[in-house]
2 protein chains.
Amino acid sequence: MAPTPPLSLPVSPRHPKETVNQWAYRSLRQAVMVGLIPPGRSLTIRDVAAALAVSTMPVREALRRLASEQALEVQDNRRIQVPQMTVSKFRELCELRIALECHAAERALPYVGAARIEQLTLIDRRIDEAHAAGDREGVTIHNQDFHRHLYESNPNQVIMPLVESVWLQLGPFTRLALSKLNDFYHVDRHSEALAALKKQDPLALRIALEADIRDGITHVGTAELLSAYVENAGMVG
Amino acid sequence: MAPTPPLSLPVSPRHPKETVNQWAYRSLRQAVMVGLIPPGRSLTIRDVAAALAVSTMPVREALRRLASEQALEVQDNRRIQVPQMTVSKFRELCELRIALECHAAERALPYVGAARIEQLTLIDRRIDEAHAAGDREGVTIHNQDFHRHLYESNPNQVIMPLVESVWLQLGPFTRLALSKLNDFYHVDRHSEALAALKKQDPLALRIALEADIRDGITHVGTAELLSAYVENAGMVG
DNA sequence: TTCACTAAAATGTGATCACGTTTAACCCGC
DNA sequence: GCGGGTTAAACGTGATCACATTTTAGTGAA
């Protein structure tokens, strides 16, 4: 077995007023979300601390937090690693995502006014632009932005943290979905969702949203593709 | 304003092989779950550490973890407190609970066999016993046990952590529901759920489960009762 | 009495160190 | 060469200390 390569993390600049803890959390979260750390890779506190050039203290709290959000996994060894994915677990996460987000959208619907719809339309345009430019990471970010803004129309926010947790778990594997994105004719589910919002039609919204989520998933969801991806431990370009 | 009373936590014995961190987390979680710490009460690291007779290190990690599970809330002051509840937030949490748990039950259904049903029946009996004995906390614990065992029939577990998060947020207020428990004729929704499991009937299971959850909630859910409870900051016997 | 300003206490944050456990390397005997 | 046992390195955990920020108390003037 080859020796584990030295850990290198992309260091985004640290915001002013941001604690080292938050910065470490944000950096690690981003790395996990875009699948930069292959599943099964174990993260030691000292290594991450060295990679981020900070002490161990903020790092271990960031690691623990990500673990409690199911983005990382603590083994019996007390060692922390990126969770391994299985086909059935993946399916389970997708179905959960659909149930959760359809519910979130339905609960948000009554609060969606014209201003919000305009905002969502704008974000949707940004997705298209990133899509046209072949910017996969941009598509991911703006797509999450679209969903987040929709659900957060509901002022009584309790669902978003759970949705984010699911996103984090699926995160490392959405890259695969995006790599296939251009191979299919892309139906704009977001337009359908926006139409449903304008009509205040809950059922149409659910349908559009479920279709949108499945669209991004089915390309991955075939057992063959995913298991090939899983076996390669995330090494997909 | 009266000076904040000194913090006293019920210290459950520490398991062997359990780290101080885990023990502190478990203790705090339990305290929050049963509503022992009134909403709005701010928890300082040093106070909790003193109450648990440990150093600050494990405590702050426990606090942060509970915060990331939405059981506690970090303010802009960086201070940590038990979240305040509002009527609409409560309703939102209840609807989320129903959506989440109905989905979990449906995904678990195919895996529920005779052995599991027998186990659930046993737990249900324990609920009745606690109910008869007037043991509210026992009812809560065994009821959660029933739901947990049902959802965990699904071997690909991804939903339970989210469910636990919702339980934690509702936790401090279920006490009120239980205080009214004996005032109404109690339809045994668990029996209906068990029947649905035997028949492998997804729809009947959903209906039974939603009814079960609503039964425990409607007594609280009336705006008057809850707001009275919220105003009193959890001071309900 | 009330408001503003200052000083002191309290609190969160981050770094460093010590200890026990786990993991990996190494060496010896077969 | 190969397996088993010993030793050293690596790691997580928990405690203590120093520092910056926040909160509170106290004081004095209007």
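For the numbers below, each heavy atom of this structure counts, side chains included, while hydrogens, waters and symmetry mates do not. Quick note on labels: first sequence line is chain A, next is B, and so on, each numbered from 1.
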Distance check needed: [N] [atom2] versus [X] [atom1], whole Å only.
| X | N | atom1 | atom2 | answer |
| --- | --- | --- | --- | --- |
| A:Arg79 | C:dT23 | CZ | P | 6 Å |
| B:Glu73 | C:dG12 | CD | P | 15 Å |
| A:Ile45 | D:dG14 | CD1 | C1' | 11 Å |
| B:Arg14 | D:dG14 | CZ | P | 7 Å |

> So among A:Glu69, A:Gln30, A:Glu18, A:Glu61, which one has a side-chain contact (heavy atoms from CB on, under 4.5 Å) with A:Tyr25?
Replying inline: A:Glu69
Of the nucleotides [options], which has the atom closest to the [X] side chain?
| X | options | value |
| --- | --- | --- |
| A:Arg78 | D:dT13, D:dG14, C:dG14 | D:dT13 |
| A:Ser55 | C:dT13, C:dT16, D:dG14 | C:dT16 |
| B:Thr19 | D:dC11, D:dT13, C:dG14 | D:dT13 |

> If you pin A:Lys17 and A:Leu43 to their nearest nucleotides in DNA chain D, which one's is more 5'?
Replying inline: A:Leu43
>> With a 4.5 Å cut-off on side-chain heavy atoms, are A:Val163 and A:Glu101 touching?
In response: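 Yes, close enough: below the 4.5 Å cut-off.
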>> Within the 4.5 Å heavy-atom criterion, are B:Leu63 and B:Ile45 side-chain neighbours or not?
In response: yes
>> What residues from residues 56-65 of chain A pass a heavy-atom cutoff of under 4.0 Å to DNA chain C?
In response: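 The answer is A:Thr56, A:Met57, A:Pro58.
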> If you count the non-hydrogen atoms of other residues, nucleotides and ligands that lie under 6.0 Å from CD in A:Gln75, is the total more than 12?
Replying inline: yes
> Under 3.5 Å, side chain of A:Arg126 to main-chain N/O of A:Gly138, donor-acceptor pair present?
Replying inline: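 No, A:Arg126 side chain to A:Gly138 backbone: no donor-acceptor pair under 3.5 Å.
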> Is there a donor-acceptor pair under 3.5 Å between the side chain of B:Gln157 and the backbone N or O of B:Tyr151?
Replying inline: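 Looks like yes, one N/O pair under 3.5 Å.
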> Looking at B:Asn77, does any N or O in its side chain come under 4.0 Å of the phosphate oxygens OP1/OP2 on C:dG12?
Replying inline: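 The answer is no; no side-chain N or O of B:Asn77 sits under 4.0 Å from OP1 or OP2.
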> When you match A:Glu18 and B:Asp47 each to their closest nucleotide on DNA chain C, which lands nearer the 5' end?
Replying inline: B:Asp47
> Would you say the side chain of A:Arg46 and the base of D:dG12 hold a donor-acceptor pair, judged only by whether the two atoms sit under 3.5 Å apart?
Replying inline: yes
